[in-house]
Amino acid sequence: MSDESTPAHRYTAAVANSIESRWQRYWEEHGTFHAPNPTGPLAGDVPPDKLFVQDMFPYPSGAGLHVGHPLGFIGTDTFARYHRMNGRNVLHTMGFDAFGLPAEQYAVQTGQHPRITTEQNIARYLSQIRRLGLGHDERRRIATTDLSYYRWTQWIFLQIYNAWFDERVSKARPIAELEAEYERGDRATPDGRAWSELSRIEQRKLVDSHRLVYQSEAPVNWCPGLGTVVANEEVTPDGRSDRGNFPVFRKNLRQWMMRITAYSDRLIDDLDMLDWPEKVKTMQRNWIGRSAGAHIRFPVGDAAVEVFTTRPDTVFGATYLVLAPEHPLGDALTPAAWPAGVDERWTGGGATPAEAVAAYRRAAAQKSELDRQESRDKTGVFVGVHAVNPVNGAEIPVFVADYVLMGYGTGAIMAVPGQDQRDWDFATVFGLPIVRTVQPTAGFSGEAFTGDGPAINSAFLDGMDVAEAKKTIIAWLEQNGHGEGRLQYKLRDWLFARQRYWGEPFPIVYDSDGLPVALPESMLPVALPEVEDYSPRTFDPDDADSEPSPPLSRAADWIEVELDLGEGRKTYRRDANVMPQWAGSSWYQLRYVDPTNEERFSEPENERYWLGPRPQEHGESDPGGVDLYIGGIEHAVLHLLYSRFWQKVLYDLGHVSGPEPYRRLFNQGYIQAYAYTDSRGVYVPAEEVTERDGRFFHNGQEVRQEYGKMGKSLKNVVTPDEMCDRYGADTFRFYEMSMGPMEVSRPWATKDVIGAQRFLQRMWRNVVDETTGEVRFTDEVPDDDTLRALHRTIDGIHADYAAMRFNTAGAKLIELNNHVTKVYGGRPCPRSVLEPMILMLAPLCPHIAEEMWAALGHTESLAHGPFPRADERYLVEETVEYPVQVNGKVRARVTVAADAGQDEVRAAALAEEKIAALTEGMEPRKVIVVPGRLVNVVL
RNA sequence: GCCCCCGUAGCCCAACUGGCAGAGGCAGCCCCCUUAAAAGGGGUGGAGUGCCGGUUCGAAUCCGGUCGGGGGCACCA
């Protein structure tokens with residue numbers, strides 16, 4: 001790297017690397033980043049001013065990191081270091097979300113236990129991030145796969161399991177309180193019998209049906225290719241699995257669910273209290289999908305079809321009803337034969353309604369989600385009966401059609417073709433009548449009219465606008481017993497079980513009646529057993545009829561267990577499911593706070609200190625939570641919704657002090673990269689490509705440029721290790737932070753990194769003689785100009801660091817260093833300038849800053865400050881130069897005393913030669929003086 | 001199809017609540033150091049803010065339209 005002619009003490013990569021490993025060792029040995037807790041094993045002196053900064057839980061992938069991964073980590077570290085230097089108690093660490101498919105799939109292929117793979121990957125990951133000099137409290141590292149961690153994941157599961165949601169107070173309560181209500185008779189059983197008349201099994205089933213974790217035989221997303229079921233959130237819009245991209249089928253299976261829907265309103269409403277990007281809030285609102293409308297019952301003989309609609313005001317225009325294919329009434333309502341004169345288009349070729357419905361339903365079930373969405377042509381069959389529209393007594397036909405989804409609303413709709421395009425399309429295909437109930441705006445040329453306007457053809461609603469008509473009809477429906485106003489949500493309950501190996505086992509066993517029994521806390525943890533074969537049975541990815549067969553069910557010694565659960569020793573069967581990967585990441589901030597606590601998941605005093613609401617600082621509605629949470633936008637719905645849900649349950653049950661886990665969320669951008677393909681479309685190594693006149697060449701052949709992700713298969717990966725080797729970690733850190741604002745995605749450009757290194761070399765040279773290695777500085781007083789530059793920088797950099805504008809903070813440092821270099825050019829610089837400059841550099845480039853700080857004679861690390869304060873005296877200028885505009889164009893400049901009044905500035909501007917010439921002695925129409933800014937003369 | 005974000009020098013990016021378009025870096029050009037070289041030093045030119053229109057004394061910034069790029073949702077009644 002350094003040949004003879006490079007000065008021995010120049011800040012080269014080799015010098016940087018030796019400085020870096022030395023300081024990393026120092027920090028570790030001195031516990032520099034240990035953040036004290038108020039109580040417990042990590043207790044120490046705690047200042048009241050604290051800051052909890054958290055990166056999104058990384059998965060320790062075997063592929064290692066590329067330069068995009070640490071962007072957020074360096075950002076949080078810089079932010080954390082800045083605040084630590086300003087005296088705050090800063091908690092910053094990093095653990096691993098280590099359960100999951102890749103390690104398991106590797107185990108399936110090689111037979112190596114996923115724990116070994118996981119541990120190796122974690123070690124590799126740590127070695128990569130340690131080189132970056134991140135100021136983590138190493139005592140707080142955790143992995144979700146640690147038994148000491150997942151016992152608490154299981155404990156939290158039990159809290160949720162042993163709770164129910166009391167609608168009357170909109171919060172979770174212990175299940176024992178529900179049982180007590182039944183026992184006392186305060187709450188009626190479904191069939192009205194007294195609690196004591198129910199059998200023990202009936203009692204248990206009744207209570208179980210209220211739990212926040214429950215089993216249901218419901219349509220779930222079965223993915224034969226993965227051999228497991230997956231959550232709605234893990235299914236892509238085209239009906240495939242998020243991981244692996246296999247087809248997903250809706251299938252009725254008995255599965256564990258978490259009642260997240262009980263929290264729909266609070267999950268939406270509490271978003272208002274959070275300092276989060278609007279984009280993420282909007283995504284969560286859309287996902288929960290609250291819409292206001294009404295349930296309306298349409299009588300069919302003795303039965304009734306209940307529909308959900310957001311447009312009850314259009315009920316007079318309902319000309320038919322539609323049931324989802326899976327709707328139970330599809331069978332129940334069918335008469336023995338078609339009514340006379342039935343429209344041929346309506347029968348689907350079936351000889352009887354029952355046959356037609358059955359055939360249609362079979363066809364619908366075979367369609368994957370993808371098929372269903374690919375073709376938007378409306379299909380359906382007539383059920384053979386008519387329902388009565390309760391508002392006008394009209395007889396309207398009932399259909400089954402797959403454009404109505406069973407999982408939303410009641411699984412049935414009233415179709416109003418006049419105001420809904422989907423209904424219009426269907427009505428057109430089937431020759432059904434169309435009645436407009438809202439007067440379209442003049443000139444409207446479309447089909448269904450969905451806008452606002454006066455009601456028509458709607459009896460007592462006529463003339464009302466949509467909002468008023470809705471209110472009026474809902475009141476009428478409620479009065480007459482035909483329906484009621486209702487809120488509806490898209491959010492569905494969280495499918496919580498996976499038929500996999502590498503996850504947290506459920507702390508649940510089944511008794512001889514086949515009913516689930518929660519294990520008591522004292523029997524935690526339930527450790528994962530050793531198994532012969534880590535794979536679930538997987539199937540042909542397209543085999544919708546296959547059934548899950550989890551690996552744990554084959555661990556015979558483990559699955560059968562003899563326990564005393566209060567009724568003497570009995571044999572039980574363990575639950576063979578494991579929790580989804582989202583379980584461990586739904587509460588890890590609570591464990592960072594108190595990672596070694598063996599008595600509790602987190603000591604309340606520690607939890608309150610680090611995560612509790614602080615209304616004095618953050619306003620009255622402060623929900624508490626991590627002070628700054630940085631990660632990618634990809635977790636906007638899944639992780640962040642689950643985490644908020646668990647926090648709320650724990651909050652309701654009194655285990656945590658605030659209702660939200662993450663007070664402030666920040667999404668960092670991505671580092672992207674160019675990739676190049678040759679004429680065959682094969683990727684060529686990006687670093688070997690050269691550019692000429694806007695065209696790109698590899699070995700003389702022209703190649704095509706693409707822009708996107710960094711990845712092995714694209715041959716464009718650049719790793720942090722490589723950057724550390726070539727430039728040093730500080731240079732790499734500085735470059736990443738100076739590429740642009742944290743939230744913006746940008747392309748990686750290795751050739752630009754040199755700029756960051758040159759800056760650090762120049763700054764180093766201002767402290768250390770490159771040839772002799774001697775430290776150089778003086779105690780002389782800097783000139784006024786330099787002092788002003790210094791204090792302006794200090795003033796600006798505080799604001800930049802606090803607002804995470806690390807790119808402009810870096811630019812200010814370069815600017816100041818350039819100034820100092822110019823003024824002192826080779827002579828020793830005043831210590832009083834060097835020291836604050838070094839301190840200001842420290843959050844971005846901690847190693848070189850420590851080294852220079854020590855070189856200037858300091859024996860203590862600068863990690864805890866001091867951080868320089870700007871002296872007001874040097875921030876005020878004595879004179880101000882005002883640009884003088886005439887009609888908005890700059891024509892001249894005048895310099896006046898900084899404390900000059902507006903009149904003085906105005907007089908000076910008008911007196912200026914060029915301005916006077918332009919005004920020719922005439923009085924201008926207007927003169928605008930913006931104090932400290934400019935003067936604009938309007939002629 | 002609906003909704004959101006972003007377009008400033010060859011490239012990455014600055015510009016506080018509307019107020020002199022440039023802080024910083026890369027590349028370019030010039031000079032210096034060097035036997036030579038550069039991942040050394042010093043200096044320097046370069047855009048009127050995608051496009052059209054509006055509001056304003058004044059617009060990169062606000063408003064409307066349009067083009068380009070990125071993202072989210074998508075038979076949710």
Side-chain angles (χ1 to χ4, degrees), chain A residues 1-3 5-7 10 12-13 237 277-280 282-283 286-287 289 291 293 307-311 314 322 372-373 375-376 378 401-405 407-416 419-423 425-426 488-491 633 636-637 670 672 691 693-694 707 726-727 731 734-735 738-741 743-759 761-762 765 770 796 799 805 807-815 818 821-822 825-826 881-890 893 924-928 930 932-939:
Chain A
M1 189 68 55
S2 64
D3 55 62
S5 59
T6 302
R10 172 167 293 170
T12 57
E278 264 320 305
K279 186 184 165 81
V280 177
T282 305
M283 284 167 73
N286 288 344
W287 187 262
S291 52
V307 307
F308 172 70
T309 176
T310 55
R311 293 294 302 276
T314 64
V322 185
R372 208 164 171 168
Q373 280 169 28
S375 146
R376 302 233 160 160
K378 297 290 178 286
D402 69 358
Y403 82 96
V404 173
L405 309 174
Y408 184 73
T410 60
I413 63 157
M414 64 175 201
V416 186
Q419 270 75 231
D420 186 295
Q421 190 60 44
R422 294 158 301 187
D423 298 341
D425 294 342
F426 188 90
Q488 191 66 50
Y489 306 86
K490 280 203 289 188
L491 183 69
I633 187 84
V637 177
Y670 296 108
Q672 301 193 290
E691 184 187 348
D693 308 324
Y707 179 59
R726 283 172 65 180
Y727 303 101
T731 294
F734 191 90
Y735 173 65
S738 62
M739 288 170 78
E743 64 273 24
V744 172
S745 293
R746 61 303 289 269
W748 177 260
T750 299
K751 67 177 174 57
D752 291 1
V753 180
I754 189 70
Q757 191 185 36
R758 283 185 194 143
F759 158 60
Q761 284 178 342
R762 285 199 296 270
R765 202 177 295 126
E770 280 194 338
R805 291 191 300 255
N807 54 330
T808 52
K812 286 186 174 74
L813 287 168
I814 293 174
E815 196 181 0
N818 287 349
T821 307
K822 192 176 277 182
E881 189 190 62
Y882 280 86
V884 184
Q885 297 182 331
V886 176
N887 291 339
K889 289 219 160 49
V890 179
R893 288 163 197 283
R925 292 224 325 265
K926 207 170 175 185
V927 178
I928 291 143
V930 185
R933 283 286 175 188
L934 55 49
V935 181
N936 190 11
V937 180
V938 185
L939 294 178

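Below, read A as the first sequence line, B as the second, and so on, with proteins coming before strands; counting in each chain starts at 1.
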> Find the distance A/Asn286:CG to B/C4:P and express it as a whole number of Å.
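Taking CG of A/Asn286 and P of B/C4, I get 11 Å after rounding.
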> Counting Watson-Crick and G-U wobble pairs only, both distances under 3.5 Å, name the nucleotide matched with B/C20, or none.
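WC or wobble partner does not exist here.
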> Of all the choices, B/G41, B/A77, B/C12, which nucleotide is nearest to the side chain of A/Arg762 once you look at every atom?
B/G41
> Less than 4.0 angstrom between a side-chain N/O of A/Arg765 and OP1 or OP2 of B/G41, yes or no?
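Looking at the OP1 and OP2 atoms of B/G41, one of them is under 4.0 Å from a side-chain N or O of A/Arg765.
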> If I pick the C1' atom on B/G68 and the same atom on B/C26, what distance separates them, to the nearest angstrom?
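Taking atom C1' in both B/C26 and B/G68, they lie 25 Å apart.
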> Is there a side-chain contact between A/Gln672 and A/Pro747 in this structure, where contact means two heavy atoms from C-beta onward sitting under 4.5 Å apart?
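No, side chains not in contact.
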> Using a 4.0 Å heavy-atom cut-off, does A/Val416 contact any base of the nucleic acid, only the sugar-phosphate backbone, or nothing at all?
nothing
> Whole Å only: how far is the CD atom of A/Glu881 from the P atom of B/G19?
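My rounded result for the distance is 18 Å.
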> Applying a 4.0 Å non-hydrogen cut-off, can you work out what A/Thr821 is touching in the nucleic acid: base, sugar-phosphate, or nothing?
sugar-phosphate
> What is the separation between atom NZ on A/Lys490 and atom C1' on B/A74, rounded to the nearest whole Å?
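Atom-to-atom, A/Lys490 to B/A74, this comes out as 8 Å.
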> Tell me which of A/Ser745 and A/Tyr882 sits closer to the 5' end of RNA chain B, going by the nucleotide each one is nearest to.
A/Ser745
> If I compare all heavy atoms of A/Val937 with all of A/Val884, which pair ends up nearest, and what's the gap?
CG2-CG1, 4.1 Å
> Which one, B/G25, B/A23, B/A77, comes nearest to the side chain of A/Ile814?
B/G25
> Determine which nucleotide pairs with B/A15, using a 3.5 Å limit on both distances of a Watson-Crick or G-U wobble pair.
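Checking every strand shown, B/A15 finds no partner, since no pair has both distances under 3.5 Å.
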> Does the B/C20 base have a donor-acceptor partner in the side chain of A/Arg893 within less than 3.5 Å?
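When only heavy-atom distances are counted, A/Arg893 does reach the base of B/C20 through a donor-acceptor pair under 3.5 Å.
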> Can you tell me which nucleotide in B/G24, B/A14, B/A77 comes closest to the side chain of A/Ser291?
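For the A/Ser291 side chain, the nearest candidate turns out to be B/A77.
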> Side chain of A/Pro741 only, heavy atoms from C-beta on: which candidate in B/C26, B/G19, B/C13 is closest?
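Nucleotide nearest to A/Pro741's side chain: B/C13.
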> Starting at atom CG of A/Asp420, determine the distance to atom P of B/G1, rounded to an integer number of angstrom.
19 Å
> Write down the atom of A/Gln757, the atom of A/Thr731, and the distance for their closest heavy-atom approach.
N-CG2, 3.5 Å
> Using atom OH of A/Tyr408 as one end and atom P of B/A74 as the other, report the distance to the nearest whole Å.
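Rounded to whole Å, this separation is 12 Å.
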> Rounding to a whole Å, what distance do you find between A/Glu770:CD and B/A39:P?
16 Å
> Starting at the 5' end of RNA chain B and moving along, which residue's nearest nucleotide shows up first, A/Lys279 or A/Asp423?
A/Lys279
> For A/Tyr707 versus A/Arg746, what's the shortest heavy-atom pair and its separation?
OH-C, 3.6 Å
> Contact between A/Phe308 and A/Thr310 at the side-chain level, heavy atoms closer than 4.5 Å - yes or no?
yes
> Using the P atom on both, measure B/U17 against B/C75 and round to a whole Å.
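Taking atom P in both B/U17 and B/C75, they lie 40 Å apart.
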> When rounded to the nearest Å, what value does the distance between C1' atoms of B/G28 and B/G45 take?
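B/G28 and B/G45 have their C1' atoms separated by 9 Å.
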> Can you check whether A/Tyr670 reaches A/Ile633 side chain to side chain, under 4.5 Å on heavy atoms?
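Side-chain contact under 4.5 Å: yes.
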> To the side chain of A/Ala811, which of B/A23, B/C12, B/G40 is closest?
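Closest nucleotide among those given: B/A23.
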> Does a side-chain N or O of A/Arg758 approach OP1 or OP2 of B/A27 to a distance below 4.0 Å, or not?
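The answer is yes; a side-chain N or O of A/Arg758 sits under 4.0 Å from OP1 or OP2.
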> Using the C1' atom in both, what is the distance from B/U49 to B/C62, to the nearest Å?
15 Å
> In whole angstrom, give the distance that lies between atom CD of A/Gln757 and atom P of B/G25.
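Computing the A/Gln757:CD to B/G25:P distance gives 15 Å.
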> Identify which one of A/Thr314, A/Asp420, A/Val322 satisfies the side chain to side chain contact (heavy atoms under 4.5 Å, CB included) criterion when paired with A/Met414.
A/Thr314
> Taking B/G19 as the reference, what is the distance to B/A37 when you measure between their P atoms (whole Å, please)?
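To the nearest whole Å, 49 Å.
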> Would you mind calling B/G48 syn or anti? Take O4'-C1'-N9-C4 for purines or O4'-C1'-N1-C2 for pyrimidines, and syn is within 90° of 0.
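Syn conformation here, the glycosidic angle of B/G48 being no more than 90° from 0.
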> Could you tell me which nucleotide pairs with B/C62 by Watson-Crick or G-U wobble geometry, both distances under 3.5 Å, or answer none if nothing does?
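B/C62 is paired with B/G54.
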> So if I take every side-chain heavy atom of A/Met283 and compare against B/A77, B/C75, B/G72, which nucleotide ends up nearest?
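Nearest to the side chain of A/Met283 among the choices is B/G72.
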> With P as the reference atom in both, quote the distance from B/A23 to B/G70 in angstrom, rounded to an integer.
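These two P atoms come out 33 Å apart once rounded.
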> Taking the side chain as every heavy atom from C-beta outward, state whether A/Val416 and A/Arg311 have any atom pair closer than 4.5 Å.
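Side chain of A/Val416 against side chain of A/Arg311, heavy atoms only: no contact under 4.5 Å found.
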> Contact between A/Phe759 and A/Tyr735 at the side-chain level, heavy atoms closer than 4.5 Å - yes or no?
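SC-SC contact between A/Phe759 and A/Tyr735 ruled out.
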> Considering every strand shown, what is the Watson-Crick or G-U wobble mate of B/U44 when both distances are under 3.5 Å?
B/G28
> If the cut-off is 4.0 Å, is A/Asn807 near the phosphate of B/A14, judged by side-chain N/O to OP1 or OP2?
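For B/A14, OP1/OP2 do have a side-chain N/O of A/Asn807 under 4.0 Å.
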> Can you tell me, in whole Å, how much space there is between the C1' of B/G41 and that of B/C52?
49 Å
> Would A/Lys378 count as a cation-pi partner of A/Phe426, with NZ or CZ less than 6.0 Å from the six-membered ring centre and within 45° of the ring normal?
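No, cation not above the ring by the 6.0 Å, 45° rule.
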> Would you tell me if any nitrogen or oxygen in the side chain of A/Lys822 comes within less than 4.0 Å of OP1 or OP2 on B/G43?
yes
> Using a cut-off of 4.0 Å between protein heavy atoms and nucleotide atoms, how would you tag nucleotides 55-61 of chain B 5' to 3' with B, S and -?
--BS---
> Please measure how far the P atom in B/A59 lies from the corresponding atom in B/G54, and state the result in whole Å.
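Approximately 12 Å lies between the P atom of B/A59 and that of B/G54.
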> Take the protein atom CE of A/Met739 and the nucleotide atom C1' of B/C13, then report the distance between them rounded to whole Å.
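Those two atoms, CE and C1', are 10 Å apart.
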